[in-house]
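All values reported here derive from a predicted model rather than from experimental measurement. In what follows, chains are A, B, ... by sequence order, proteins preceding strands, each numbered from 1.
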Amino acid sequence: MSIRILDTLSNEPISLPEPPYEVKLYVCGITPYAGSHIGHAVPAVVFDVLRRYLEFRGYTVRHVTNFTDIDDKLIDRAQALGTTVKALADQFSDQYLASLARLNILPATYYPRATEEIPAIIRICEGLIAGGHAYASGGDVYYRVRSKPDYGKLSGRNIDDLLSGARIDPTELKDDPLDFALWKGTKPGEPAWESPWGPGRPGWHIECSAMALEHLGEQIDIHGGGADLIFPHHENEIAQSEAFTGKPPFARIWMHNALLRLGAEKMSKSLGNIVGLDEVLDTAGPDAIRLFILGSQYRSPVTYTEEALSAAKAGAERLRDAAFVAAKPGATGTVPTETIAAFYERFEEAMDDDLNTSRALAVLFDLSREVNRARDAGLEVAAPQVALRHLGGVLGLTFALSEDGSKEAAPFIDLLIELRTELRAAKQWALADRVRDGLAALGVEIKDGKEGTIWSFS
RNA sequence: GGCGCCAUGGCCAAGUGGUAAGGCAGAGCUCUGCAAAAGCUCCACCGCCGGUUCGAAUCCGACUGGCGCCUCCA
């Protein structure tokens, strides 16, 4: 079977060409004007899993994710903080990438920045003007929404409905209130670049078209992002890209993840209901976050709650224990190859079906049970464990013990556990339990096994 | 107002025509100095009403409740 992804535009499952094939993947990135919240982890994890699964299935992936490092919010924020747009953007871009690394996200092949694509942006504006799809007005350049009849095809709207929406701010510089800015003439104090229309800066949507065109070509395979980008961002991207190249489709597949909610509402900076990504990373670790996100299919909205996260944390621990538990001493016999193969089949079947990570996760939990059963039955556990770690790796799970920076504590904890083991051997239960309870109070969990005692940070 | 989505056990979440995956929590048993972990067993008829069908959580219609986009947002 082949991988099928539901395309937002056609609402049909679309397959990619069979491998070997290089998948051209463009995922809309962030505007780095503030710290990241867990909502940002959703597309990062979803598209990371897409990438890992494609590679698992034999594809190579050219993955480009942009930083929109020039825009109104950045300008306002920089002025408020008395810093430069560039310094601000660099700070939050770096911070974002550091958080992604902690989440075990594979780095994109390339991370272009809007401010480094100005020549391409200008070239596209000129091309659109030449083709009659855009016009200069004042120091601005606007895309003419009515220049092609299919505007609105991605988000399922038509221009006249949009007009009746009445939240549009008509500007005298625009021929039509729905036309959007490709290039904005500069205002005093703003960063600006030279252009045929005078000094200015890119509008919001054009940078993505430019970067996709520059780094992936005129037609890409998968264009992804959060569902909130469907309109107007991706709608406008399609319009200007296809108008510019004259080669539809701009993207073979449009793939959008549902937004994370906090309580009943979506999490967003404007609502002020944000939970920082790094804080969650600190308390729950990367695997729990991934389990939490991948527990539902990417097009279903997930709701962030403490309970859901701690449930995911418990699940991550279960997987990790199974992935590394030791076989009984003197274990003989192994789990049949066919049994292992069946898990792979189920996993692939789930993932092929529009990245059904929820089902794929169920396979991993079943595989964990297989490991534990094999161990209890006195079998070798290496084979199912290798499979578990392999397939878990496709979902980007690290199986790492807690990533607490408490490594310095490890030797001391080991020493205490050694002492406790001796106390237990001497049947000094009260003292042994004091050690265990004391460690527990400090956040160190102990598990006694046949092969000795293991511990972890809870 | 326009476009669209969702409603499954205590919580989360798969499942789109044939009698409900998985996780968390809970109960019992086994194992164990105790505890934890692990294994086994148990725990739902799928928002409401009507319809189609031999048969529906799954299709159609109405209703109720919730959410998203239409404005910066991943």
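- Between A:Arg318 and B:rA36 there is no side-chain N or O to OP1 or OP2 distance below 4.0 Å.
- B:rC11 and B:rA25 are spaced 16 Å apart, taking the P atom of each and rounding to whole Å.
- Among the nucleotides B:rA37, B:rC34, B:rA14, the one closest to the side chain of A:Asp448 is B:rC34.
- For A:Leu259, taking side-chain heavy atoms from C-beta onward, the closest of the listed nucleotides B:rC34, B:rA21, B:rG68 is B:rG68.
- RNA chain B is contacted by both A:Val302 and A:Ser155; A:Ser155 maps to the nucleotide lying nearer its 5′ end (nearest heavy atom per residue).
- When the P atom is compared between B:rG22 and B:rU41, the two are found 11 Å apart, to the nearest whole Å.
- A:Arg436 contributes a side-chain N or O that forms a donor-acceptor pair with the base of B:rC34 under 3.5 Å.
- Counting non-hydrogen atoms under 4.0 angstrom, A:Ala314 reaches the backbone sugars and phosphates but no base.
- For A:Ser296, the side-chain atoms get nearest to B:rA13 when compared with the rest of B:rA21, B:rA13, B:rA37.
- Looking only at side-chain heavy atoms (C-beta outward), A:Leu50 and A:Ile5 come within less than 4.5 Å of each other.
- Here A:Asp90 pairs with A:Arg113 in a salt bridge; the nearest charged N to carboxylate O distance falls below 4.0 Å.
- Between the base of B:rG33 and the side chain of A:Asp433 there is a donor-acceptor pair shorter than 3.5 Å.
- Side chain of A:Arg157, nearest nucleotide from B:rG22, B:rA38, B:rC69: B:rC69.
- At B:rC40, one or more side-chain N or O atoms of A:Arg373 fall inside 4.0 Å of OP1 or OP2 (strictly under the cut-off).
- Note on ring orientation: taking the six-membered ring where Trp is involved, the planes of A:Tyr151 and A:Phe231 are perpendicular (angle over 60°, cut-offs 30° and 60°).
- Aromatic ring orientation, A:His256 versus A:Trp254: parallel (interplanar angle below 30°, classes split at 30° and 60°).
- In this model, no side-chain donor or acceptor of A:Arg375 finds a partner on the base of B:rG39 within 3.5 Å.
- Shown here, B:rC24 forms a base pair with B:rG10; the pair counts as Watson-Crick or G-U wobble because both key distances fall under 3.5 Å.
- Within the nucleic acid shown, A:Asp437 has no heavy atom closer than 4.0 Å to any nucleic acid atom.
- In this structure, A:Asn356 reaches the sugar-phosphate backbone alone: every heavy-atom distance under 4.0 Å involves primed, P, OP1 or OP2 atoms, never a base.
- The side chain of A:Asn257 sits closest to B:rA74 out of B:rC34, B:rA21, B:rA74.
- For B:rG18 and B:rC59, the C1' atoms lie 14 Å apart once the distance is rounded to whole Å.
- The side chain of A:Arg420 approaches B:rG33 more closely than any other nucleotide in the set B:rC24, B:rA14, B:rG33.
- In this structure B:rU19 sits in no base pair that meets the Watson-Crick or G-U test at under 3.5 Å.
- Distance noted for atom C1' between B:rG26 and B:rG68: 35 Å (whole Å).
- The side chain of A:Ser300 sits closest to B:rA14 out of B:rC69, B:rA21, B:rA14.
- Ring-to-base geometry does not place A:Phe365 in a stacked arrangement with B:rG23 (centre distance under 5.5 Å, plane angle under 30° required).
- Using the six-membered ring where Trp is involved, A:Tyr344 and A:His390 have ring planes that are tilted, between 30° and 60° apart.
- Between B:rA62 and B:rC3, the distance separating the two P atoms is 14 Å to the nearest Å.
- One C1' atom belongs to B:rC72, the other to B:rG23, and the distance between them is 36 Å to the nearest Å.
- The residue A:Ile230 sits apart from the nucleic acid: no heavy atom pair falls under 4.0 Å.
- Ranking B:rC72, B:rC24, B:rC69 by closeness to the A:Trp204 side chain, first place goes to B:rC72.
- Among the atoms of the strands shown, only primed sugar atoms or phosphate atoms (P, OP1, OP2) are found under 4.0 Å from some heavy atom of A:Arg369.
- Between A:His223 and A:Tyr26, the angle of the ring planes lies from 30° to 60°, which puts this pair in the tilted group.
- One interatomic measurement links the two molecules: CZ of A:Phe292 to P of B:rC11, which rounds to 16 Å at whole-angstrom precision.
- Residue contacts shown for A:Ala362 include a base, since a base heavy atom lies under 4.0 Å away.
- Closest to the A:Thr31 side chain, of the nucleotides B:rC73, B:rA14, B:rG23, is B:rC73.
- Between A:Arg359 and A:Asp352 no salt bridge is recorded (no basic side-chain N to carboxylate O distance below 4.0 Å).
- Toward the 5' end of RNA chain B, the nearer of the two residues A:Ser368 and A:Leu361, judged by each one's closest nucleotide, is A:Leu361.
- A:Asp287 has no carboxylate O lying under 4.0 Å from a charged side-chain N of A:Arg290, or vice versa, which leaves the two without a salt bridge.
- Here B:rC73 presents its P atom at 11 Å from CG of A:Leu74, a figure rounded to the nearest Å.
- Taking the P atoms as reference points, B:rG10 lies 13 Å from B:rC48, given to the whole Å.
- A gap of 38 Å separates the C1' atoms of B:rG28 and B:rG65, to the nearest Å.
- Base pairing of B:rC3: its partner is B:rG68, meeting the Watson-Crick or G-U wobble criterion (both donor-acceptor distances under 3.5 Å).
- A donor-acceptor contact under 3.5 angstrom links the side-chain atoms of A:Ser358 to the base of B:rA21.
- The CD-P distance, from A:Gln428 to B:rA35, rounds to 20 Å in whole Å.
- With a 3.5 Å ceiling on both atom-pair distances, B:rU53 lacks any Watson-Crick or G-U wobble partner.
- Within the 4.0 angstrom heavy-atom criterion, only backbone atoms of the sugar-phosphate kind lie near A:Leu229; the bases stay farther away.
- Taking only side-chain atoms of A:Asp376, from C-beta outward, the nucleotide of B:rC73, B:rA21, B:rA38 with the closest atom is B:rA38.
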